[in-house]
2 protein chains.
Amino acid sequence: MRSENQPGGRSAAKAATSDADRSFIELARRAQIIDAAVGTLAEEGYAKASLARIAQRAGISKGVISYHFAGKEELLERLVEHVYGQMGAFMEPRMAAAPEPGARLRAYVESLAAYMREHRPQLAALGQVFHNMRNSEGKLRYGVATSEELYAFLEGIFREGQESGEFRPFDVRVMAVSVQAGVDAMFEYWDVHPEHDLEGHARELAELFAQAVRA
Amino acid sequence: MRSENQPGGRSAAKAATSDADRSFIELARRAQIIDAAVGTLAEEGYAKASLARIAQRAGISKGVISYHFAGKEELLERLVEHVYGQMGAFMEPRMAAAPEPGARLRAYVESLAAYMREHRPQLAALGQVFHNMRNSEGKLRYGVATSEELYAFLEGIFREGQESGEFRPFDVRVMAVSVQAGVDAMFEYWDVHPEHDLEGHARELAELFAQAVRA
DNA sequence: TGATTTTCTGACCGCATGGCCAAAACCTTA
DNA sequence: TAAGGTTTTGGCCATGCGGTCAGAAAATCA
């Protein structure tokens with residue numbers, strides 16, 4: 001159904017092309033296109049983020065996108081991968097520095113806020129894709145499965161705190177869903193109110209959940 | 001800019017036509033179209049909820065929608081009005097029965113959950129419109145201004161509790177944003193996991209915030 | 001009944017979309 | 001230089017969109 005258009009075609013046989021197999025030009029173009037897609041999604045929303053619009057922002061012709069990506073679907077998937085990778089790399093060391101459950105919860109909320117401050121368009125674009133991108137059957141492309149990992153991670157923190165007696169007993173799934181919702185809402189509120197005190201919000205939110213979980 | 005197509009044209013002069021001026025057929029058709037729009041939005045998402053799709057679900061021709069509504073924009077605005085009205089009528093008596101701040105917070109979370117259980121498509125459609133509908137300048141049609149009312153309502157509860165000493169001191173805006181986010185996330189989680197225990201989630205969520213606000 | 005108004009249909013318009021491709025331009029290597 | 005591979009262009013396609021309209025059908029009125 002989809003035509004063969006792997007650029008270069010150097011690695012003839014296999015399906016996927018790894019980054020190591022790509023030329024510098026290829027990698028740079030892909031990065032440039034992804035950046036343009038992030039900006040367009042963040043500023044104009046999912047509906048107006050057409051290939052033409054993205055190409056225009058990147059200063060290239062529309063066909064270039066089709067040349068470097070199998071289609072819009074692949075472009076958006078690479079975009080999500082890209083932002084997720086960045087975010088993980090940013091948070092990992094900060095989370096590792098907090099061993100106790102209470103401190104980890106606080107570190108999660110506050111380091112995510114720190115990332116948000118410096119990457120507003122990326123997170124806005126991610127939100128657009130998550131809320132809107134659908135597969136051919138009409139189902140959301142990034143639904144539950146994406147959040148499931150996140151929930152499991154938070155639940156691990158909660159269980160640890162409950163076992164050590166630092167946290168009270170509560171439903172860890174509801175708590176995980178609520179923490180993530182609180183963080184997402186913090187971003188969206190700040191995205192709409194750029195003058196809002198993001199760090200202050202993060203501290204209040206961390207305190208809110210510290211109170212909510214404490215034994 | 002917009003053509004005159006007030007059905008009936010009975011009330012010649014003025015701009016808006018009130019429901020009292022509409023025939024039964026007119027009101028029934030409008031309700032039928034709004035219902036079809038709700039179903040389409042809830043099941044297929046904003047992007048696929050075209051006038052053609054909505055008309056198909058309603059079993060009528062596309063032109064009928066244009067006859068009864070000035071355009072897609074008006075249809076969606078009437079849909080939001082319709083659902084909001086329903087929701088307010090459902091919650092008002094339940095909120096009135098809870099006078100103390102702590103009880104009011106609990107009543108808010110739990111009566112909203114009760115409404116959700118019986119009106120899943122309506123709330124899913126509302127979410128689609130809120131997250132996607134944009135005005136001609138590309139800005140979200142229902143943005144902050146819509147939530148502002150809700151936040152102010154919740155903040156009133158929090159301030160009352162803080163003044164009576166029932167609640168600890170905290171940032172009421174952050175708490176309001178977080179409560180609303182928790183409730184919205186509860187709906188979305190249940191929407192994706194229909195087997196999820198919605199009432200149980202609501203109780204846990206109410207308890208979560210009871211702990212978070214208590215002095 | 002016939003006349004008038006209200007409602008509905010189905011075809012059509014201009015426009016934007018994602019995708020496609022032949023031809024041109026560019027870059028590297030021989 | 002010439003040759004060959006890589007990248008870009010700009011126009012084209014089918015599809016679906018919101019909106020419009022003349023005329024048919026249905027309901028209401030006299």
Side-chain angles (χ1 to χ4, degrees), chain A residues 1-12 17 21-33 36-37 40-41 44-56 58-77 132-136 138 141, chain B residues 1-12 17 21-33 36-37 40-41 44-56 58-77 132-136 138 141:
Chain A
M1 202 59 45
R2 167 153 288 149
S3 74
E4 276 294 305
N5 74 338
Q6 290 189 29
R10 222 180 319 162
S11 60
T17 305
D21 287 338
R22 300 186 196 281
S23 72
F24 284 119
I25 290 184
E26 168 71 7
L27 287 175
R29 264 279 183 270
R30 283 171 72 102
Q32 179 195 10
I33 292 168
T40 307
L41 282 163
E44 312 192 42
Y46 192 85
K48 292 201 173 176
S50 65
L51 293 184
R53 216 75 192 81
I54 294 168
Q56 185 182 349
I60 56 178
S61 128
K62 201 179 54 159
V64 182
I65 300 180
S66 297
Y67 179 75
H68 291 282
F69 296 92
K72 194 181 190 182
E73 189 179 344
E74 201 219 332
L75 167 58
L76 296 182
E77 286 171 352
N132 292 288
M133 183 181 179
R134 294 176 181 254
N135 60 25
S136 44
R141 168 67 178 83
Chain B
M1 200 61 42
R2 166 152 289 148
S3 74
E4 276 294 305
N5 73 339
Q6 290 187 30
R10 222 182 317 164
S11 59
T17 305
D21 287 337
R22 300 185 196 280
S23 73
F24 284 119
I25 289 184
E26 169 71 6
L27 287 174
R29 264 281 183 268
R30 283 172 72 101
Q32 178 196 11
I33 292 168
T40 307
L41 281 163
E44 313 192 41
Y46 192 85
K48 293 202 173 176
S50 66
L51 293 183
R53 212 80 189 78
I54 294 168
Q56 184 182 350
I60 58 179
S61 129
K62 200 178 56 159
V64 182
I65 300 181
S66 297
Y67 180 75
H68 291 281
F69 296 91
K72 195 182 189 181
E73 188 179 345
E74 201 219 332
L75 167 58
L76 295 182
E77 285 171 353
N132 293 288
M133 184 182 179
R134 294 176 181 252
N135 60 26
S136 43
R141 167 69 179 80

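Numbers restart at 1 for each chain; the letters A, B, ... are given by sequence-line order, proteins then strands.
Distances shown here put a side-chain N or O of Tyr67(B) below 4.0 Å from the OP1 or OP2 atom of dT7(C). A close approach under 4.0 Å does not occur between any side-chain nitrogen or oxygen of His68(B) and OP1 or OP2 of dT6(C).
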Subject >> Chi angles and distances behind the salt bridge (Lys or Arg N to Asp or Glu O under 4.0 Å) call for Arg134(B), Glu73(B) >> reply: CA-CA 9 Å; Arg134(B) 294 176 181 252; Glu73(B) 188 179 345; over 6 Å; no
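Arg29(B) pairs by the side chain to side chain contact (heavy atoms under 4.5 Å, CB included) definition with Gln32(B), Ile60(B), Val64(B), His68(B), not counting sequence neighbours. For Ala52(A), the side chain to side chain contact (heavy atoms under 4.5 Å, CB included) partners at least two apart in sequence or on another chain are Ser50(A), Lys62(A). For Arg53(A), the side-chain hydrogen bond (donor to acceptor under 3.5 Å, both in side chains) partners are Glu44(A), Gln56(A), not counting sequence neighbours. Listed by chain and number, the residues in a salt bridge (charged side-chain N to carboxylate O under 4.0 Å, His left out) with Arg141(A) are Glu77(A) (sequence neighbours excluded).
In this structure, CZ of Phe69(B) is placed 15 Å from P of dT20(D), rounded to the nearest angstrom. Between Glu73(A) atom CD and dG19(C) atom P the separation is 9 Å, expressed in whole Å. The CD-C1' distance, from Glu44(A) to dA16(C), rounds to 14 Å in whole Å. If you measure from atom CD1 of Ile65(B) to atom P of dT20(D), you get 14 Å, rounded to the nearest angstrom. Between the CD1 atom of Ile60(A) and the C1' atom of dG10(D) there is a distance of 14 Å, rounded to whole Å. For the pair Leu75(A) CG and dT17(C) P, the interatomic distance rounds to 15 Å; values are reported in whole Å. Rounded to whole angstrom, the span from the CE atom of Met133(A) across to the P atom of dG18(C) amounts to 12 Å. Residue Leu27(B) contributes atom CG, which lies 14 Å from atom C1' of dT6(C) at whole-angstrom precision.
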Distances under 3.5 Å between protein N/O atoms and the N/O atoms of nucleotides 13-18 of chain D, please, pair by pair.
| unit_1 | atom_1 | unit_2 | atom_2 | d |
| --- | --- | --- | --- | --- |
| dC17(D) | OP1 | Ser50(B) | OG | 2.9 |
| dG18(D) | OP1 | Lys72(B) | NZ | 2.6 |
| dG18(D) | OP2 | Leu51(B) | N | 2.8 |
| dG18(D) | N7 | Lys62(B) | NZ | 3.4 |

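Which of dC8(C), dT9(C), dC20(C) sits closest to the side chain of Ser61(B) comes down to dT9(C).
Two residues are said to be in side-chain contact when any heavy atoms from C-beta on lie closer than 4.5 Å; Lys48(A) and Thr40(A) fail this criterion.
In terms of heavy-atom proximity, Leu75(B) sits nearest to Ala37(B) at CD2-CB, 4.4 Å.
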